[in-house]
2 protein chains.
Amino acid sequence: MTAARPCSIADALSVVGEKYSLLVLREVFLGVRRFDAMVRAVGVPRDVLAARLRHLIEAGVLEKVPYSERPPRYEYRPTEAGLELRGVLQLLQRWGDRHLADRPPVVFEHSCGEVLDPVVTCRSCERPVAPDDVRVRSAIPEWDAAGARP
Amino acid sequence: MTAARPCSIADALSVVGEKYSLLVLREVFLGVRRFDAMVRAVGVPRDVLAARLRHLIEAGVLEKVPYSERPPRYEYRPTEAGLELRGVLQLLQRWGDRHLADRPPVVFEHSCGEVLDPVVTCRSCERPVAPDDVRVRSAIPEWDAAGARP
DNA sequence: CCAGTGGGTTGGAAAACTGGACTCACTGTA
DNA sequence: TACAGTGAGTCCAGTTTTCCAACCCACTGG
């Protein structure tokens, strides 16, 4: 990779962008927190899962909590930072449901009692953010849209 | 992959979960829509970019639009479906800014005039969706949280 | 004692990624 | 006319990752 645009999206993806990482997180949010159960639910090779869990723990997204001393057994729980990724999964799911699925989606219910239909809104004005409702304010000058490199 | 949980998140990731795909989308949203500019901004190998663009077009996320006849030149634009992925990137960026970045983030401005701080809300009640504000309503029975497989 | 479970590690083949060189079709400059 | 440059790729050899099955260890329950 030769000097790409510096960007927190890229940084975030270096944590959760590897294959299976977000699916592991999905399982954690669904309550599946043990190694073997994850292997089955995600369909991930065991060695890859072990690597992903290590990486996610190291990045502070999950934590490994013992639930049995003898034999030593652990479960994987989301940290505060991990929980904040839930919105990403909710949006991905909505997108998949709308544009790809040909199958009854898994439906989530919000605490308000209705089926959850997640929308991104602006914290300030509390209105939905439409796709073209945003402008770049403080970009790094050399990395403007022209794609020119310093 | 041996029979994983059926899920639109996984489906969505099979479209945008490959390495670089979301970064290509980031560029498209920033207005970088041509091959060479993407190579520079994303830092992706040229053949990989070519493959990703093909895949994203095929999946209906981008479209290839000619902007010059002679010589033939194309640019890549988001479709309606593609635009709907913008929220995912906004949340990933927010997450990266909060948890990883040690660098001044690229700031976006919402059309309301304030700096964009994206929050996921429930379309019905219009209130923010907290990490544990949701319950599964209609899961596929065999794929409950226990992770047992049929 | 024996099968089963949870949580891994190991090894080799297959697939994906990497960086660079190369092509082709033009354009703009001298 | 020649020549450098650009845009959009393709091709290739070498390196990493992934994949998958098999194996290991510690323990439990019958």
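To the nearest angstrom, C1' of D:dA26 lies 14 Å from CG of A:Asp36. In this structure, the CD atom of B:Glu75 is 17 Å from the C1' atom of D:dG9, given to the nearest Å. Between B:Glu18 atom CD and C:dA16 atom C1' there is a gap of 10 Å when expressed in whole angstrom units. For B:Leu49 and C:dA16, the CG to P distance is 17 Å, given to the nearest whole Å. As rounded to whole Å, 17 Å separates atom P of D:dC25 from atom OH of A:Tyr74.
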*asked:* Strictly under 4.0 angstrom, non-hydrogen atoms only: write out the protein contact profile of nucleotides 10-15 of chain C, one letter per nucleotide from the 5' end, B, S or -.
replied: BB----
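Between the CD1 atom of A:Ile57 and the OG1 atom of A:Thr79 there is a distance of 10.5 Å, given to the nearest 0.5 Å. Here A:Ile9 contributes atom CD1 and B:Trp95 contributes atom CH2; the two are 13.0 Å apart, rounded to the nearest 0.5 Å.
A:Arg135 contributes no side-chain N or O that, together with a main-chain N or O of B:Glu109, makes up a donor-acceptor pair within less than 3.5 Å. Not a single donor-acceptor pair under 3.5 Å links the side chain of B:Arg73 to the backbone N or O of B:Arg34. A distance-only check finds a donor-acceptor pair linking the side chain of B:Gln93 to the backbone of B:Val106 [under 3.5 Å].
Nearest to the side chain of A:Arg34, among C:dT18, C:dG7, D:dG7, sits C:dG7. Set against D:dC19, D:dG7, C:dG7, the side chain of A:Phe35 has C:dG7 as its closest nucleotide.
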*Would B:Arg5 and A:Glu27 satisfy salt bridge (charged side-chain N to carboxylate O under 4.0 Å, His left out), going step by step from the backbone distance to the final call?*
CA-CA 10 Å; B:Arg5 182 196 299 277; A:Glu27 293 305 319; 2.5 Å; yes
*Would A:Leu49 and A:Val42 count as a side chain to side chain contact (heavy atoms under 4.5 Å, CB included) if you check the C-alpha gap in whole Å, the side-chain angles of each, and the deciding distance to 0.1 Å?*
CA-CA 9 Å; A:Leu49 176 60; A:Val42 176; over 6 Å; no
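A:Arg94 pairs by the salt bridge (Lys or Arg N to Asp or Glu O under 4.0 Å) definition with A:Asp117, not counting sequence neighbours. Taking A:Arg46 as the reference, A:Asp36 meet the salt bridge (Lys or Arg N to Asp or Glu O under 4.0 Å) condition, with sequence neighbours excluded.
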Can you name the atoms? Protein N/O to nucleotides 21-23 of chain C N/O, anything below 3.5 Å, with the distance.
none

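Checking the phosphate oxygens (OP1, OP2) of C:dC17, a side-chain nitrogen or oxygen of B:Arg52 falls inside 4.0 Å. The shortest distance between the side-chain N/O atoms of A:Tyr20 and the OP1/OP2 oxygens of D:dT17 is not below 4.0 Å. Between B:Arg54 and D:dT10 there is a side-chain polar atom (N or O) within less than 4.0 angstrom of OP1 or OP2. Between A:Lys19 and C:dC17, a side-chain N or O to OP1/OP2 separation shorter than 4.0 Å is absent. Contact annotation: A:Tyr76 reaches the phosphate of C:dG8 (side-chain N/O to OP1 or OP2, under 4.0 Å).
One end of the helix from C:dC1-D:dG30 to C:dA30-D:dT1 points its axis 10° away from the other end's axis, with each axis taken from 5 pairs and the angle rounded to 10°.
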Hey, can you pull the donor-acceptor pairs under 3.5 Å for the side chains in residues 124-133 of chain A, sequence neighbours left out?
from	atom 1	to	atom 2	distance (Å)
A:Asp133	OD2	A:Ala130	N	3.3
A:Asp133	OD2	B:His110	NE2	3.3

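The pair B:Arg77-B:Glu75 meets the salt-bridge criterion, since a charged nitrogen lies less than 4.0 angstrom from a carboxylate oxygen.
Figure legend: B:Lys64 and B:Tyr74 shown as a cation-pi pair, the cationic atom lying under 6.0 angstrom from the six-membered ring centre and within 45 degrees of its axis.
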